[in-house]
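Note that this is a predicted model, so its numbers are computed, not measured. Because only heavy atoms are used, hydrogens play no part in the values below, and waters and symmetry mates are left out as well, while side chains stay in.
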Amino acid sequence: MTPDEYRLLGKHIAGGSVYISNIILWKEAGYFDVTSEVKPLLHLWSLGIEEQFYIIWPFVILFLIKLRFRLDTFILLFLIASCVFNIVMVKPHATGTFYSPPTRFWELAVRGFLAALYYQKSPIWQKIGYQSGTILNTLIYADPKKGKEIQVCKDVLSIVGFLLILVSIVSFHTGMHFPGKKAIIPTIGAFFIIAAGKNAVVNRRILSLKFMVFIGLISYPLYLWHWPLLSFARILYGEVPPKTVRIGLVLLAFLLSWITYRFIEPPLRWGKHSRIKAISLFFTLLLLGFWGINIHRNYGFPERVGYTVEEIQKDKNLEKYTKESTERCLKVFPDWKGENVGQWGCKFQREDKYNNIALLGDSHAERLFYGLSEYYSNDKHNGIAVFSAPSQSPFINLRTSINGKKNDNRYQLIKKGFDYIFNDPKIDVVILNHFPEAGYGINRGFEYIEEPNNKDITDCYRKAIIKTFDELKRHNKKVIYVLDNPYPNFDPHKCASRPLSIKMNREKCLMNREDYKNKSYLVWFNNLIKDVILKYDNITIVDSFDLLCEKEICPITQNGKLLYMDEHHLSYEGSRLVSQKIYEVINKIRNESATKLQTNSK
């Protein structure tokens with residue numbers, strides 16, 4: 001594993017050891033989060049929610065019993081409240097709703113409700129069951145069978161429950177909001193099947209088959225084994241493994257699950273010395289937790305793959321003052337945070353009003369901070385203020401979106417960034433960068449605020465660029481426009497150096513420079529920028545292609561280190577390469593300004 005992959009795994013090991021994986025994954029979620037397929041312990045999120053539920057649930061039951069409340073009534077109210085909360089929150093806060101205990105507890109409380117019905121033997125629910133069975137008995141059979149009303153009701157429940165689960169399997173997909181309303185379908189399905197009992201038709205005829213019973217017996221170890229195997233294969237291949245490999249891994253998961261069920265579970269769950277076994281398991285979890293923390297705190301031990309002590313410390317320092325820079329900015333702009341903005345979009349390298357360089361744009365612009373800020377880390381006279389929002393252009397009156405949806409929040413944040421820059425005379429250099437594909441092509445979105453019905457993308461961009469450059473010049477700002485970087489459009493980790501790598505296409509890891517340089521959106525946008533700046537004497541262009549590419553190729557790695565963190569964002573190393581040139585241009589601009597000032601003073 002690469003250092004960042006191993007470090008992330010360490011954090012997940014630590015979180016899993018104390019059953020808070022769902023909270024950790026929730027906090028990780030954001031614009032720069034890695035794909036779920038390369039998180040081998042992702043599946044522990046559900047165990048976290050279960051354990052959190054089981055910690056709280058006994059106290060809830062004891063409280064209800066002590067006050068002599070009806071368990072079924074209050075448990076039903078509890079699960080309805082949790083379910084409604086889930087439905088209300090799933091669209092505005094999809095990630096939080098997925099991982100949050102309050103929005104998932106209802107799915108577990110359903111089983112508690114069923115247990116309460118059996119425990120209290122409520123005449124109300126028994127009467128509902130009998131009357132429902134009578135109606136169904138009359139509707140189904142030409143000659144209704146007396147005394148079979150309850151059994152008919154159970155049979156129908158099992159059939160309906162089974163069909164609801166089948167509908168969920170067939171119709172649910174990764175693009176849908178979940179849990180939300182649709183989570184009710186499989187939950188009710190499972191509830192009906194369990195409520196029907198072992199003698200219901202589906203339970204008796206299908207779920208009692210030896211194969212189905214076997215699946216049930218190994219289901220827990222199968223859940224634990226299947227995902228790490230598939231995830232590690234995805235990491236080693238650098239892409240989705242071939243179908244034959246995936247099938248083989250699933251079969252291996254079945255074998256390992258049977259071995260676990262047959263030889264590991266029985267001695268741990270039954271037999272003598274239960275207290276010793278419990279204590280041993282507890283301390284094993286603690287040791288695993290400390291091991292995970294150690295991996296995370298040591299940045300995945302990058303010395304394993306050739307990093308020097310100096311390079312490791314450099315990355316540690318960068319992460320530390322990036323976090324500090326974000327905290328400083330959020331004091332001034334507290335709303336520059338959230339699921340739709342990204343965790344690190346706003347940064348002040350120095351305290352408010354003590355930064356003299358501004359970096360503005362989308363997430364590609366934000367990545368430039370990492371390399372550039374190192375040049376000023378020990379320079380108290382210079383500092384960088386970053387204002388970035390995912391997919392949003394750095395141009396006044398132009399709203400852009402990579403998925404075609406309007407996001408006024410991101411546009412308003414960039415507008416605040418411009419207002420801050422214009423009102424701070426200390427800021428003399430403004431760096432702009434933009435991922436032009438965000439507003440260009442199918443399923444992309446752009447809107448020129450002053451002309452919302454204008455669908456001519458070139459006209460809209462030109463007007464917004466001119467407006468932006470005019471305002472920056474009017475406020476006496478020097479501008480550096482960084483033309484966007486090439487990008488692999490695949491997971492660059494497949495090109496990483498690993499002790500064990502199943503597949504690596506070396507040719508694909510060396511991108512052809514001209515192929516990328518001639519992409520239609522880059523040609524269109526770069527030509528537009530170069531044409532507009534001809535009439536401005538305060539703007540300098542930095543072409544990242546010249547810095548990241550050689551004469552004919554654009555490598556994904558340099559000296560064994562990845563230049564990209566994902567399909568199109570620069571890594572720390574990539575940012576350092578581009579920032580070196582930006583730093584030189586800033587010094588040149590300021591030297592020329594100082595020389596001009598001295599000449600004029602004479």
Side-chain angles (χ1 to χ4, degrees), residues 43 46-47 49-50 53 72 75-76 79-80 82-83 86-87 90 98 104-119 122 125-142 144-145 147-224 226-227 250 253-254 257-258 261:
H43 61 321
S46 63
L47 302 185
I49 289 178
E50 282 189 48
F53 175 81
D72 52 358
I75 291 174
L76 181 60
L79 71 88
I80 289 173
S82 176
C83 183
N86 140 65
I87 292 169
V90 71
F98 187 88
R104 302 306 297 260
F105 275 180
W106 66 277
E107 296 166 273
L108 297 167
V110 163
R111 291 177 289 179
F113 174 63
L114 184 59
L117 293 181
Y118 277 89
Y119 170 73
S122 168
W125 294 106
Q126 288 180 342
K127 187 176 181 180
I128 291 173
Y130 179 81
Q131 290 180 345
S132 300
T134 302
I135 295 170
L136 291 169
N137 197 13
T138 304
L139 291 173
I140 294 171
Y141 295 103
K145 302 174 182 180
K148 297 289 184 179
E149 291 85 357
I150 296 296
Q151 184 59 43
V152 170
C153 182
K154 289 181 176 181
D155 287 343
V156 172
L157 276 179
S158 69
I159 293 169
V160 172
F162 191 69
L163 291 174
L164 288 174
I165 291 175
L166 286 179
V167 167
S168 304
I169 293 171
V170 172
S171 63
F172 286 13
H173 55 86
T174 55
M176 60 185 283
H177 286 294
F178 196 86
K181 294 179 183 177
K182 291 188 177 180
I184 296 173
I185 299 172
T187 305
I188 294 294
F191 175 81
F192 282 175
I193 287 176
I194 298 170
K198 64 180 181 180
N199 293 321
V201 61
V202 170
N203 302 2
R204 187 176 69 252
R205 297 283 181 86
I206 299 175
L207 300 183
S208 294
L209 294 172
K210 287 186 177 180
F211 175 72
M212 298 299 287
V213 173
F214 172 73
I215 295 296
L217 291 173
I218 68 166
S219 61
Y220 185 70
L222 182 60
Y223 181 76
L224 295 179
H226 84 287
W227 184 255
V250 171
F254 270 89
S257 300
W258 176 79
Y261 165 73

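Scanning all heavy atoms of the two residues, the minimum distance from Phe105 to Ile49 falls at CE2-O, 3.8 Å. Across all their heavy atoms, Val213 and Ser208 have their closest contact at CG2-O, 3.7 Å. Closest non-hydrogen pair, Tyr223 versus His43, comes out as OH-O, 2.6 Å.
The SG atom of Cys83 lies 4.0 Å from the CH2 atom of Trp106; values are rounded to the nearest 0.5 Å. From Phe214, atom CZ reaches atom OH of Tyr261 across 9.0 Å, with rounding to the nearest 0.5 Å. Taken to the nearest 0.5 Å, the CG atom of Leu217 stands 11.5 Å off from the OG atom of Ser257. Of the inter-residue distances, the one linking Leu209 atom CG with Ile215 atom CD1 reads 11.5 Å to the nearest 0.5 angstrom. Taking CZ from Phe113 and CG from Leu76, the interatomic distance works out to 4.5 Å, rounded to the nearest 0.5 Å.
Asp72 places no side-chain N or O within 3.5 Å of a backbone atom of Leu117 that could act as its donor or acceptor partner.
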Sequence neighbours left out, cut at 3.5 Å: what donor-acceptor pairs do the side chains of residues 156-170 make with other protein atoms?
residue : atom : partner : partner atom : Å
Ser158  : OG   : Asp155  : O            : 2.7
Ser158  : OG   : Val202  : N            : 3.4
Ser168  : OG   : Leu164  : O            : 2.9

If you look only at distance, which donor and acceptor atoms sit under 3.5 Å apart when one is on a side chain in residues 176-195 and the other is two or more places apart or in another chain?
residue : atom : partner : partner atom : Å
Thr187  : OG1  : Ala183  : O            : 2.7

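Residues passing the side-chain hydrogen bond (donor to acceptor under 3.5 Å, both in side chains) test with Ser219: none are found, sequence neighbours excluded. Legend: residues meeting side-chain hydrogen bond (donor to acceptor under 3.5 Å, both in side chains) with Arg204, ordered by chain and number and at least two apart, are absent. Under the side-chain hydrogen bond (donor to acceptor under 3.5 Å, both in side chains) criterion, Tyr220 pairs with no residue at all, not counting sequence neighbours.
Contacts classified as salt bridge (Lys or Arg N to Asp or Glu O under 4.0 Å) and involving residues 104-115 (residues at least two apart or in different chains) are given here: Arg104-Glu107.
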